[in-house]
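Just so it is clear, the model here is predicted, and its values are computed rather than measured.
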Amino acid sequence: MKEIRTGGSSRSGEMSSQEAKLGLQVEDLWDVQEPQLSPSEKLNACFESIPVSAFPHSTNTQVIEINSDTSVAEAVKLMAQHKVLSVPVLDVDAPEGASWIDRYLGIIEFAGIVVWILHQSEKKDGSANTDFIPDSEPPMSPAVARAASGMSSPKYKGANPFDDASISGDFFEALTNSEFYKNAKVRDISGSFRWAPFLALQTSNSFLTMLLLLSKYRMKSVPVVDLGAGKIENIITQSAVIHMLEECAGLQWFESWGTKKLSELGLPLMKANRVVKLSEDEPVLQAFKLMRQKGVGAVPVVDSGGRAIGNISIRDIQFLLLAPAIHKNHRSITAKCFLSAVRSYLEENQKSTPILTDVVTCTTDISLKEIIMKLNSMKIHRVYVVNDEGNLDGVITVRDIISKLVHEPRGYFGDFFDGVLPQPLNSRV
C-alpha cells in the first residue's frame, strides 16, 4: 500500500509546456474577471472563453483508431500497447464521403470488453467456444444513435454467473485460444452491449463543455472533430486534464483552488459505506462483475480484516487475455492470486515496479494539489482515502477532481444533447 505524503513542492524554471502556456492563458483571463465573482464563477468564465481546440494534443501525435472489422483480440492488444482505455471505431462499410457522424460506429472500451467476457462466462454451460448470438435489436449505425443509449446495461441469460468453468484458468485458456475469440470482430459484438457514448465536440466548443462532459456527464474521453476534414483530430481524456492541471501548479488561479484540503472541498464524494470492495478470496471475475453492476472503474481488494491489499481496475482484464502465464497454472483465479500473478508478470516482463495493482492512499488533511501530482506522476485514476487506523474511508477519482474545478450553469447545455446522452439524475438541463 502506497501512501501520499504531505509536503510542499516548489516550482522552478519557466512554464514552457503547452499545458503550462494554456494555464497562463487562464491566468490572464482570471485577472480580468469581475471582482464580485466567486473563484468558482471566475474559473467557469475563464474556461468558457477558451476553445477546446487549444487543448494540447497527446504526445502520440496520431489519434489511435481501429476499423470495425478488427478482431476483439487485436483490439485488446492495441489498447494495451498504447496504454489507452478506449479507441474510436471506424465503420469500414461507411460510404465514401460520409460525414464523421456516420464514419464512426462508436468507441470501444475495456469496459465493453469486460461486459463481453462476462457474457461468455455467464452462459449456463460455461463454454467459451459456442457461437455468440447478440441480443436482437434494430441496427443503429449512426454514432449519435449509439450514444443515445451508451450507458445502458446489456442483457444476460446466465442463471449462475460463476460456475467452475467461469472462474478457472481453463475458461480463459479456452477463450483466448478459440477461433471464436480470434475471429470475433468489434462490430460483431456491438449488439451484445451498449458502447461508450460517442459524443464528439467541434473545435469551437469550449473548455467548460469538455470539462463538464468528463466530470458530471461521466465520459472517460471526449473526441474533438475537425468538421472540414471529417475526422477526429484530438481525444481529450480525464488523465490528460489531470496532467494539464499539474503543469499549472504555481499559478494564482490554480493555487486558489488546488491548495485547499480535501475536507474543505467535500472530498471524498464516495464515502466508506459506498466503496465497492472485493474479498481477496473471491473470484477475480467478481471484480469485473462489480465494476459493471456498480458503474465503477476499479475495486479495492481487502483481506479478512477489511484492510486494502490491492486494487483491480477495468483495464486489468488485459492480463487475463494477453498473459497466459497468469492463468494457465490456476484452477481457480481468486483476486489475491490474480494480484500476485500480475505483479510477478510485470516484474518479469517490464523490469519495473507494478503500480497498477497497488493501493494508493491518502488522508483528508492533504491538499488537492498533492492528489493531482500523485495521480499524474503515477498515471493512476483513483486514490483511496483512509482514516487514522488505515481503514478505507472513501475514494477520490480523477472525475471527482474535475467536478470540483467547474460547475454547470443553469440551462448551460440547452438542447446540446438533443436526446443523445442520458442526463444525470441531478441535472439542471
### Message
Pairing donors with acceptors under 3.5 angstrom, does anything connect the side chains of S40 and H407?
### Response
yes
#### Entry: Flag, side chain of Q286 to backbone of P283, donor-acceptor distance under 3.5 Å
no
#### Entry: Straight-line distance of D281 CG to S304 OG, nearest 0.5 Å
8.0 Å
### Message
Within this structure, what is the CZ-CD distance for the pair R103 and E96, rounded to the nearest 0.5 Å?
### Response
11.0 Å
### Task
Give a yes or no on whether the backbone of K374 and the side-chain of S377 come within a donor-acceptor separation of less than 3.5 Å.
yes
#### Entry: Side-chain heavy atoms of L339 within contact of I312, under 4.5 Å
yes
### Summary
Note: I50 and Q25 closest approach over all heavy atoms is CG1-NE2, 3.9 Å
### Message
Can a donor-acceptor pair be found, under 3.5 Å and without considering hydrogens, that links the side chain of Q33 to the backbone of L29?
### Response
yes
### Query
When rounded to the nearest 0.5 angstrom, what is the spacing between CG in L368 and NZ in K404?
9.5 Å
### Query
Is the shortest heavy-atom distance from the side chain of L290 to the side chain of V296 under 4.5 Å?
no
### Query
For H381 and S313, what are the C-alpha separation, side-chain angles and deciding distance, and is it a side-chain hydrogen bond (donor to acceptor under 3.5 Å, both in side chains)?
CA-CA 9 Å; H381 292 139; S313 73; over 6 Å; no
### Query
Got a donor-acceptor contact below 3.5 angstrom from the R399 side chain to the S215 backbone?
yes
#### Entry: Exercise: identify the closest heavy-atom pair between T364 and L267
CG2-O, 4.1 Å
### Task
Compare all side-chain heavy atoms of F110 with those of D316 and state whether any distance is below 4.5 angstrom.
no
### Task
For F254 and I372, run side chain to side chain contact (heavy atoms under 4.5 Å, CB included): C-alpha distance rounded to whole Å, both residues' side-chain angles, the deciding distance at 0.1 Å, then the answer.
CA-CA 11 Å; F254 177 91; I372 290 171; 4.0 Å; yes
### Query
Do V299 and F288 have side chains that get closer than 4.5 Å, going by heavy atoms?
no
### Query
Do other residues, nucleotides or ligands put more than 12 heavy atoms under 6.0 Å from the NZ atom of K182?
yes
### Task
Taking the side chain as every heavy atom from C-beta outward, state whether I232 and V224 have any atom pair closer than 4.5 Å.
no
### Message
Main chain of S99, side chain of D102: is a donor-acceptor contact present, judged purely on distance under 3.5 Å?
### Response
no
#### Entry: For L22 against A54, the heavy-atom pair lying closest together
CD1-CB, 4.1 Å
### Task
Say whether, by atom type as modelled, one donor and one acceptor occur between the side chain of Q252 and the main chain of E27 under 3.5 angstrom.
no
### Query
Does the side-chain hydrogen bond (donor to acceptor under 3.5 Å, both in side chains) test come out yes or no for D400 and T397, once each step is laid out?
CA-CA 5 Å; D400 296 334; T397 67; 3.2 Å; yes
### Query
Do side-chain atoms of N67 reach the backbone of T70 as a donor and acceptor pair under 3.5 angstrom?
no
#### Entry: Side-chain donor-acceptor pair present, D365, T363, cut-off under 3.5 Å
yes
### Query
If you measure only the distance, is there a donor-acceptor pair under 3.5 Å linking the side chains of S71 and E74?
no
### Which atom of V52 lies closest to which atom of M210, heavy atoms considered
CG2-CB, 4.0 Å
### Message
I want to check something: taking the side chain as every heavy atom from C-beta on, are L375 and I401 in contact at a cut-off of under 4.5 Å?
### Response
yes
### Summary
Of all heavy-atom pairs linking P268 and D393, the shortest is CG-O, 4.0 Å
### Task
Could you go through the side chain to side chain contact (heavy atoms under 4.5 Å, CB included) check for K77 and L322 one step at a time?
CA-CA 7 Å; K77 289 180 182 178; L322 300 177; 3.5 Å; yes
### Under 3.5 Å: donor-acceptor pair, side chain of E264, backbone of K261
yes
### Query
Any donor-acceptor pair under 3.5 Å linking the side chain of E247 with the backbone of M244?
no
### Message
Can a donor-acceptor pair be found, under 3.5 Å and without considering hydrogens, that links the side chain of W253 to the backbone of G23?
### Response
yes
### Trace of the side-chain hydrogen bond (donor to acceptor under 3.5 Å, both in side chains) decision for T209 with Y412
CA-CA 9 Å; T209 299; Y412 177 76; 2.7 Å; yes
### Query
Taking all atoms of both residues into account, what is the closest heavy-atom pair of L175 and Y181, and its distance?
O-CB, 2.9 Å
### Query
Roughly how far, to the nearest 0.5 Å, is the NZ atom of K289 from the NZ atom of K294?
10.5 Å
### Task
State the CD-OG1 distance between E370 and T259, to the nearest 0.5 angstrom.
10.5 Å
### Query
Taking C-beta and beyond as the side chain, do I107 and V89 meet within less than 4.5 Å on heavy atoms?
no
### Query
In Å and rounded to the nearest 0.5 Å, what is the CG to OG distance from L201 to S206?
8.5 Å
### Task
Measure up the F319 and Y345 rings against each other and bin them: parallel (under 30°), tilted (30 to 60°), perpendicular (over 60°).
perpendicular
### Message
Is the ring pair F413/Y217 parallel, tilted or perpendicular, if the boundaries are 30 and 60 degrees?
### Response
perpendicular
### Query
Below 4.5 Å, heavy atoms only, C-beta onward: do L269 and S403 meet side chain to side chain?
yes
#### Entry: Worked check of side chain to side chain contact (heavy atoms under 4.5 Å, CB included) between D28 and V26
CA-CA 5 Å; D28 291 339; V26 177; over 6 Å; no
### Query
Are R187 and D93 within salt-bridge range, i.e. N to O under 4.0 Å?
yes
### Message
Assess the residue pair N391 and V386 against the criterion (side chain to side chain contact (heavy atoms under 4.5 Å, CB included)); give the C-alpha distance rounded to whole Å, side-chain angles, the decisive distance to 0.1 Å, and a yes or no.
### Response
CA-CA 5 Å; N391 296 319; V386 294; over 6 Å; no
### Message
A quick test of your reading: do over 12 heavy atoms of other residues, nucleotides or ligands sit less than 6.0 Å from CD of Q36?
### Response
yes
### Message
Using side-chain hydrogen bond (donor to acceptor under 3.5 Å, both in side chains), reason through Y384 and N311 one step at a time and then give a plain yes or no.
### Response
CA-CA 10 Å; Y384 292 97; N311 179 72; 2.7 Å; yes
